Amino acid sequence: MDSKNQSSDNPENQTPQEDQQLVPCQPLPIASISLSLSTILPTHFLIPPKISSTLFRPNKVKIPTQISSLSNLSLSASASLPPPTKSNFKSTFSANPLQDSLTLNPLRPSEPSNAAGLRRASIVWFRNDLRVHDNESLNAAHNESMSVLPVYCFDPRDYGKSSSGFDKTGPYRASFLIESVTDLRKNLQARGSDLVVRIGKPETVLVELAKAVGAEAVYAHREVSYDEVKGEDKIESVMKDEGVEVKYFWGSTLYHVDDLPFKLEEMPTNYGGFREKVQGLEVRKTIEALDQLRGLPARGDVETGEIPSLVDLGLNPSTTLGQNGKPAANASLVGGENEALQRLRKFAAECQAQPNKENKDGTTDSIYGANFSCKISPWLAMGCLSPRSMFDELKKSTSRTISAASSQKDGGSGTGLNWLMYELLWRDFFRFITKKYSAAKQNSAVPVTACVGAAA
């Protein structure tokens, strides 16, 4: 013991040969550590059986050349040591209080219990679905991802002059859209998320953002027009090159496209045939808005961006003003999900409060409201409100029977509510027939006007 202590107290008196003679006398884990640290630490730090974790720095380990064949022993030695106070692993998961319940362990990603199956980051591409309620793409991204980046693109191809010299998007519609996007951002922020806004082509903007945040998937709702379908194909193509999955959902009609009792290519070309085939078809339940959403990805440090003005979109804001300098009557509609839900509830209450008004000829007024309309079409067009939400809200707000595909001889106009559902069914017909003939890979197409002319 005296010689050992003396050797520990005078490390400078030891020779390399003496050092090598001491090694076999120590347990194997201590031996490998003492060898790897002997060049930078005095040996008396290595004699105690317990080594402080603060002395273990893998990035400073130096293995002498004469024992390079034993370098792999340092891995087994670390198993017998207390764990480091701070892991050197840099996780790509963003810090988000919503992830606390997932108990992620970055050192063991293959464990089934650590939610390794979730995507690290995903993008939700908002289009004509500017809402947080009944939004399947948003909910799916939230459930399948650790972080979510909501994005809206003002596509410059939708603005400017057409070949006929008219505005592709007029100032009133553009103003309504800007208000709807602004309202969507507020609703996302209230739920712990945000909205990234860009002016640019989606196939360019989405790829850049996917690279920046390391997104593994893009979630979006499908649309029906030819240009929109063609744009979806472009997105899928560029994302496939980047190894990013694109997941599309359907949420713009009363009836889900997957629930139709026929294939879309077998869609009847007249409304009467369509209504007969969907008779008795059940409307899917709406998807409730989440109280809290996943946070934005930490990687990339993406700026949310400013929502553009009419001037930024190349439009003249003065056209929305009257001669007195105040907003024109046409500009009185306020865009956004909150406004849409308020109007829907108000309309449902009016329908419940007012009895059917029978006319002298025995017919009834088909619907209540100014000019016999609920005036909710602009919000439906922008997706601030879903048709299923309308159907669900009216069912909750009244005890009357509501049937979208009424078989009454009058076409379903027995009550104001049934008439509204009847109009929603007409809307479904137009969207499904447009989708049928606007598929990007469709070689031949039948003009939609010809189909409408045969409507019953």
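Keep in mind that what you see is a predicted model, and the values were worked out from it rather than measured.
Ser175 contributes no side-chain N or O that, together with a main-chain N or O of Pro171, makes up a donor-acceptor pair within less than 3.5 Å. The backbone N or O of Asp233 lies less than 3.5 Å from no partner atom in the side chain of Ser237, so there is not a single donor-acceptor pair. At least one donor-acceptor pair under 3.5 Å links the side chain of Ser147 to the backbone N or O of Arg120. Ser180 contributes a side-chain N or O that, together with a main-chain N or O of Gly336, makes up a donor-acceptor pair within less than 3.5 Å. The main-chain N or O of Arg388 is never found under 3.5 Å from a side-chain atom of Asp392 such that the two would form a donor-acceptor pair.
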message = Let's go through Val132 and Glu337 carefully: what are the C-alpha distance in whole Å and the side-chain angles of both, what is the deciding distance for side-chain contact (heavy atoms from CB on, under 4.5 Å) to 0.1 Å, and is it a yes or a no?
response = CA-CA 8 Å; Val132 296; Glu337 179 180 8; 3.5 Å; yes
inquiry  = One pair to check against side-chain contact (heavy atoms from CB on, under 4.5 Å): Arg191 and Leu290. What are the steps and the verdict?
reply    = CA-CA 8 Å; Arg191 290 164 171 80; Leu290 296 170; 5.5 Å; no
task = Let me see the working for Leu149 and Val196 under side-chain contact (heavy atoms from CB on, under 4.5 Å), right down to the final yes or no.
result = CA-CA 7 Å; Leu149 187 74; Val196 174; 3.6 Å; yes
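With values rounded to the nearest 0.5 angstrom, Ile287 atom CD1 is found 9.5 Å from Leu138 atom CG. How far OG of Ser252 is from CZ of Arg127: 10.0 Å, rounded to the nearest 0.5 Å. Put simply, CE on Met390 and CZ on Phe347 are 6.5 Å apart, with the number rounded to the nearest 0.5 Å. Taking CG of Asp312 as the start and OH of Tyr159 as the end, the distance is 11.0 Å to the nearest 0.5 Å. In this structure, Lys240 NZ and Ile235 CD1 are separated by 15.0 Å, a value rounded to the nearest 0.5 Å. The CD atom of Glu144 sits 10.5 Å away from the CG atom of Asn139 when rounded to the nearest 0.5 Å.
Nearest heavy atom pair, residue Ser309 against residue Ile178, reads C-CD1, 3.9 Å. The nearest pair of heavy atoms linking Phe274 to Met267 is CD1-CE, 3.4 Å. Nearest approach of Phe154 to Pro308, heavy atoms of both residues: CE1-CD, 3.4 Å. For Leu424 against Leu254, the heavy-atom pair with the smallest separation is CB-CD2, 4.4 Å. Closest of all the heavy-atom pairs between Val302 and Ala212 is CG2-CB, 4.2 Å. Minimum interatomic distance between Ser122 and Ala215 (heavy atoms only, all atoms of both residues): CA-CB, 4.3 Å.
Counting only N and O atoms by type, the side chains of Glu179 and Thr182 include no donor and acceptor under 3.5 Å apart. Remark: the Ser389 side chain and the His133 side chain contain an N/O donor-acceptor pair separated by less than 3.5 Å. Looking at Asp134 and Thr286, their side chains never bring a donor and an acceptor atom within 3.5 Å of each other.
Counted within 6.0 Å of CZ on Arg427, heavy atoms from surrounding residues, nucleotides or ligands total more than 12; the atom is thus considered enclosed. The environment of CD in Glu266 is crowded: more than 12 heavy-atom neighbours from other residues, nucleotides or ligands sit within 6.0 Å. For Glu306, the CD atom is loosely surrounded, since the number of other residues' heavy atoms within 6.0 Å does not exceed 12. Within a 6.0 Å sphere centred on NZ of Lys247, heavy atoms belonging to other residues, nucleotides or ligands number more than 12. A 6.0 Å sphere centred on CG of Asp291 holds no more than 12 heavy atoms belonging to other residues, nucleotides or ligands. No more than 12 heavy atoms of other residues, nucleotides or ligands sit less than 6.0 Å from atom NZ of Lys277. Dense packing is recorded around CD of Gln189, with more than 12 heavy atoms of other residues, nucleotides or ligands lying under 6.0 Å away.
Contact annotation: the side chain of Cys153 never approaches that of Ile199 to less than 4.5 Å [non-hydrogen atoms, C-beta and beyond]. Taking the side chain as every heavy atom from C-beta outward, Met239 and Glu245 never approach each other to under 4.5 Å. Residues Asp258 and Trp250 fail the side-chain proximity criterion, which asks for heavy atoms closer than 4.5 Å. Two residues are said to be in side-chain contact when any heavy atoms from C-beta on lie closer than 4.5 Å; Tyr271 and Phe430 fail this criterion. At a threshold of 4.5 Å between non-hydrogen side-chain atoms, the residues Trp379 and Leu333 count as touching.
Not a single side-chain hydrogen bond (donor to acceptor under 3.5 Å, both in side chains) links Asp227 to another residue, sequence neighbours left out. Qualifying salt bridge (charged side-chain N to carboxylate O under 4.0 Å, His left out) partners for Asp194, counting only residues two or more places apart in sequence or in other chains: Arg185.
Screening residues 157-167 for salt bridge (Lys or Arg N to Asp or Glu O under 4.0 Å), with sequence neighbours left out, gives Asp155-Arg157, Arg157-Glu203, Lys161-Asp167.
Salt-bridge formation is not detected for the pair Glu208/Arg198: no Lys NZ or Arg NE/NH1/NH2 atom is positioned less than 4.0 Å from an Asp or Glu carboxylate oxygen. A salt bridge links Arg284 with Asp259: the closest approach of a Lys/Arg side-chain nitrogen to an acidic carboxylate oxygen falls below 4.0 angstrom. A salt bridge links Arg431 with Glu223: the distance from a Lys NZ or Arg NE/NH1/NH2 to an Asp or Glu carboxylate oxygen falls below 4.0 Å. Of the charged side-chain nitrogens involved, at least one lies within less than 4.0 Å of a carboxylate oxygen, so that Glu232 and Arg222 count as a salt-bridged pair.
Aromatic ring centres of Trp125 and Tyr219: separated by at least 6.0 Å. For Tyr152 and Phe126, the gap between ring centers reaches or exceeds 6.0 Å.
Exactly one residue among Val148, Leu293, Val124 makes a side chain to side chain contact (heavy atoms under 4.5 Å, CB included) with Leu188. That residue is Leu293. Paired with Leu206 under the rule side chain to side chain contact (heavy atoms under 4.5 Å, CB included), one option of Val151, Val238, Val246 passes, and it is Val151.
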